[in-house]
*Asks:* 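Here it is, the structure, as structure tokens.
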Protein chains: 2
Amino acid sequence: MTINDIAALTGVAASTVSRALSRPDRVNRVTRERIQAAARELNYVPNTQARALSSGRTETVALLVSDATNPFYFGLIRGAQQQLRAAGHALLLIDTEDSAELENHLLHKVRRSVDGVILAASRLPEQTLSVIAAELPVVTVNRNVARVRSVVIDSPDGVMQAVEHLVSLGHRAIAYVAGPPSSWANEARWRAMRTAMARHGLTAARVGPFGVSRSSGSVAADALLNTGATAGVTFNDLLAIGILRRLAERGVDVPGEISVVGCDDIFGADFCSPPLTTLTAPIEQAGRVAVSMLLDHLEHLGETASRQTVLLPTHLTIRQSSGPAPRR
Amino acid sequence: MTINDIAALTGVAASTVSRALSRPDRVNRVTRERIQAAARELNYVPNTQARALSSGRTETVALLVSDATNPFYFGLIRGAQQQLRAAGHALLLIDTEDSAELENHLLHKVRRSVDGVILAASRLPEQTLSVIAAELPVVTVNRNVARVRSVVIDSPDGVMQAVEHLVSLGHRAIAYVAGPPSSWANEARWRAMRTAMARHGLTAARVGPFGVSRSSGSVAADALLNTGATAGVTFNDLLAIGILRRLAERGVDVPGEISVVGCDDIFGADFCSPPLTTLTAPIEQAGRVAVSMLLDHLEHLGETASRQTVLLPTHLTIRQSSGPAPRR
DNA sequence: AACCGGGTGGCAACCGATTGCCATTAATTG
DNA sequence: CAATTAATGGCAATCGGTTGCCACCCGGTT
């Protein structure tokens with residue numbers, strides 16, 4: 001079922017069929033309707049590759065995640081998927097396995113087969129990112145790079161809220177449990193933490209870096225206890241949940257002996273034990289916004305973007321993993 | 001950077017470049033190496049659309065899931081992604097939003113732009129599925145249809161194990177908490193449950209259907225209690241976790257007053273409260289196997305498949321949501 | 001010397017759209 | 001009524017590869 005079949009059937013040229021379908025106002029109403037009817041009749045679906053080849057538009061967007069099993073991305077994927085479908089675009093999912101080289105390689109490979117890419121938690125150096133952004137529409141998530149559009153979840157602000165929360169509960173020794181050093185968000189959160197602590201004349205301890213998996217949580221929990229801190233703010237929920245688990249294993253009471261605050265509010269944060277106090281991030285919304293920005297950018301290529309960065313607010317969700325500081 | 005640039009640079013025809021790159025034995029060694037060197041030099045990446053257009057192969061596989069936020073699919077996506085990357089193929093992720101119409105529509109739409117599709121939890125009627133499978137390589141997951149290759153997780157066998165487990169703990173009144181009626185796995189599990197119960201001269205109660213989200217768990221929990229059963233086996237973990245939550249809210253002790261057994265062992269099943277006794281399914285493996293079957297099928301189109309269905313074993317993982325039946 | 005066959009590489013058609021350009025026709029206007 | 005303009009639709013080139021077919025070269029046979 002090609003455009004030619006329809007052309008033959010309706011007695012017009014293929015080019016007319018093409019126009020009738022993609023630039024309806026370029027063809028006479030009756031002709032157009034005849035063609036559209038035939039297309040519907042024959043259940044015609046344009047060939048994506050052919051269209052892409054001549055027009056240069058693939059109507060496909062790639063979403064690069066560092067690890068498809070990290071629940072943080074589920075929401076992002078979902079949000080992106082929703083918004084893309086609404087625009088009739090397809091989603092190419094790419095797992096970079098947390099490797100900058102692989103990320104770069106795959107980006108190069110798909111470069112010509114997508115209209116743009118969304119980089120969630122890119123591990124690429126700023127320099128490389130700029131180069132890529134120059135030759136391919138890019139939107140990053142949680143990563144701020146000059147001249148690259150981005151959606152940033154304002155977890156630094158959330159971290160401050162978390163510190164206020166903990167300090168108000170009497171905590172004085174609070175540690176940051178760090179994630180991957182290559183993560184931009186990780187450093188941003190750490191900075192926010194130090195700032196917030198300084199405001200109260202306190203200094204934050206820091207342990208890590210740790211991998212972002214629950215198993216890394218065991219190591220992290222032990223390290224956290226060693227700092228003598230009465231509370232820990234973790235890079236993300238996955239790590240926090242792993243920590244809770246290890247603490248339970250060691251018989252350490254949460255929040256009685258130590259409070260734990262996570263980040264992101266992923267699936268599971270509300271039903272782990274104890275339910276996790278965490279920074280709730282509008283993850284799904286971030287996915288939607290990232291797609292919107294990208295599509296918007298695609299429509300106005302060449303124009304200077306009105307806004308390069310969208311900052312999404314977070315808020316602290318208090319559950320049962322945080323409580324008053326223990327008396328010494 | 002096209003094949004023509006390379007041709008010009010090396011002084012051969014474009015066709016020769018094409019062969020040197022995709023059918024290396026069709027061209028002389030020295031010519032080939034010269035071309036390959038030039039291609040590497042210029043960082044040449046073949047244009048996927050153009051290749052697809054003339055060869056018919058897109059090197060892309062679509063994975064259709066009914067709901068991208070269901071953690072069950074995370075593992076599946078991951079497994080599929082891994083195996084696809086290994087083969088150098090791309091993954092198109094499609095969310096059918098649990099709608100058969102949408103599923104059908106999207107399948108039609110991508111039909112020409114992928115080499116094959118993997119249907120995870122298809123909601124399509126058997127008839128439709130057969131039609132689609134005839135015009136497009138298809139592998140289903142957890143769905144058995146004549147003449148369609150499939151990967152099936154043997155949860156019916158697992159359900160039997162679960163029943164044995166519960167019966168041995170003294171439970172006599174056990175209910176099945178059903179999922180979506182359009183789910184093939186749902187019916188399979190229910191049948192297995194009845195069979196297993198009958199073996200002990202017992203009859204299973206059934207409640208539902210319920211949606212597969214945690215919020216449906218509240219309704220399901222209440223319905224479950226109403227049956228007077230001392231144990232419930234649920235369609236999946238999501239539902240089970242929702243039930244646990246509601247039971248905690250109502251102050252019902254698990255497993256003291258009622259035991260709950262889930263299905264799939266998704267992310268979260270091990271750290272919810274209490275940790276969930278569940279059927280551990282090799283989800284990631286299912287994703288890998290599905291891809292392998294599909295790619296294998298693609299390579300031998302026309303040949304009759306040696307094996308049409310792969311059955312993956314499950315096992316019961318006993319945690320703390322199941323225990324001895326309460327004395328009445 | 002005539003013949004044969006395998007190894008190489010070029011030519012050109014093709015995959016299925018899109019799109020710039022032009023010809024035709026109809027409508028508008030002075 | 002001639003002339004200008006707008007609307008419409010066809011022609012053909014193009015996107016970047018793939019592939020069937022054929023020509024050529026060369027060494028080996030008979």
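Note on naming: letters A, B, ... go to the chains in the order of the sequence lines (proteins, then strands), and numbering restarts at 1 for each one.
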*Asks:* Figure out the CZ/C1' separation between R34(A) and dT8(D), and round it to whole Å.
*Replies:*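 Rounded to whole Å, this separation is 13 Å.
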*Asks:* Measure OH/Y44(A) against P/dG16(C) and give the value in whole Å, please.
*Replies:* 10 Å
*Asks:* Would you call D25(A)-R32(A) a salt bridge at under 4.0 Å N-O?
*Replies:* no
*Asks:* Would you mind telling me which of dG10(C), dT19(C), dG16(D) lies closest to the side-chain atoms of S15(A)?
*Replies:*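 From the listed options, dT19(C) comes nearest.
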*Asks:* Can you find a side chain N or O atom of S18(A) that sits less than 4.0 Å from OP1 or OP2 on dA17(C)?
*Replies:* no
*Asks:* Mind calculating the distance between CG (N4(A)) and C1' (dC14(C)) to the nearest angstrom?
*Replies:* 12 Å
*Asks:* Which residue lies toward the 5' end of DNA chain D, L53(A) or G11(A), if each is placed at its nearest nucleotide?
*Replies:* G11(A)
*Asks:* Does L91(A) form a side-chain contact (heavy atoms from CB on, under 4.5 Å) with I77(A)? I'd like the steps, not just the answer.
*Replies:* CA-CA 9 Å; L91(A) 172 69; I77(A) 293 174; 4.3 Å; yes
*Asks:* OP1, OP2 of dT8(C) versus side-chain N and O of N28(B): anything below 4.0 Å?
*Replies:* yes
*Asks:* What nucleotide among dG9(D), dT18(C), dG10(C) has an atom nearest to a side-chain atom of T16(B)?
*Replies:* dG10(C)
*Asks:* Starting from P on dG17(D), measure out to CZ on R112(A) and report it in whole angstrom.
*Replies:*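 Nearest whole value for this atom pair: 10 Å.
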*Asks:* Just N and O in the side chain of N47(B): are any of them under 4.0 Å from OP1 or OP2 of dG17(D)?
*Replies:*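 Checking N47(B) against dG17(D): no side-chain N or O falls below 4.0 Å of OP1 or OP2.
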*Asks:* Report the distance from atom CG of D25(A) to atom C1' of dT19(C), rounded to the nearest whole Å.
*Replies:* 14 Å
*Asks:* Give one of base, sugar-phosphate or nothing for A50(B), where a contact means two heavy atoms less than 4.0 Å apart.
*Replies:* base
*Asks:* Output the rounded distance in Å from CE (M1(B)) to P (dG16(D)).
*Replies:*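 Rounded to whole Å, this separation is 11 Å.
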*Asks:* On DNA chain C, does the nearest nucleotide to R57(A) precede the nearest nucleotide to V12(B) from the 5' side, or the other way round? Give the residue.
*Replies:* V12(B)
*Asks:* Tell me, with the steps shown, if L295(B) and H89(B) meet side-chain contact (heavy atoms from CB on, under 4.5 Å).
*Replies:* CA-CA 10 Å; L295(B) 297 183; H89(B) 286 222; 3.8 Å; yes
*Asks:* Check R85(A) with E97(B), please: is the shortest side-chain N to carboxylate O separation under 4.0 Å?
*Replies:* yes
*Asks:* When the nearest nucleotide of DNA chain C is assigned to S55(B) and to T31(B) on a heavy-atom basis, which residue is associated with the more 5' position?
*Replies:* T31(B)
*Asks:* Atom CG of L21(A) and atom P of dT19(C): how far apart are they, to the nearest Å?
*Replies:*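 Value for this atom pair: 13 Å.
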*Asks:* Could you check whether the side chain of R26(A) and the base of dG9(D) have a donor-acceptor pair of N or O atoms closer than 3.5 Å, going by distance alone?
*Replies:*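 Yes, a donor-acceptor pair under 3.5 Å.
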*Asks:* For a 4.5 angstrom cut-off between non-hydrogen side-chain atoms, does W184(A) reach V152(A)?
*Replies:*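 Side chain of W184(A) against side chain of V152(A), heavy atoms only: contact under 4.5 Å found.
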*Asks:* Taking the side chain of R19(B) as heavy atoms from C-beta outward, which of dA17(C), dG9(C), dG10(C) is closest to it?
*Replies:* dG10(C)
*Asks:* Starting at atom CZ of R111(A), determine the distance to atom P of dG16(D), rounded to an integer number of angstrom.
*Replies:*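 From R111(A) CZ to dG16(D) P: 12 Å.
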*Asks:* Touch check for T48(A), heavy atoms < 4.0 angstrom, all strands: base, sugar-phosphate only, or nothing?
*Replies:*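 The answer is nothing, as T48(A) stays clear of every strand by at least 4.0 Å.
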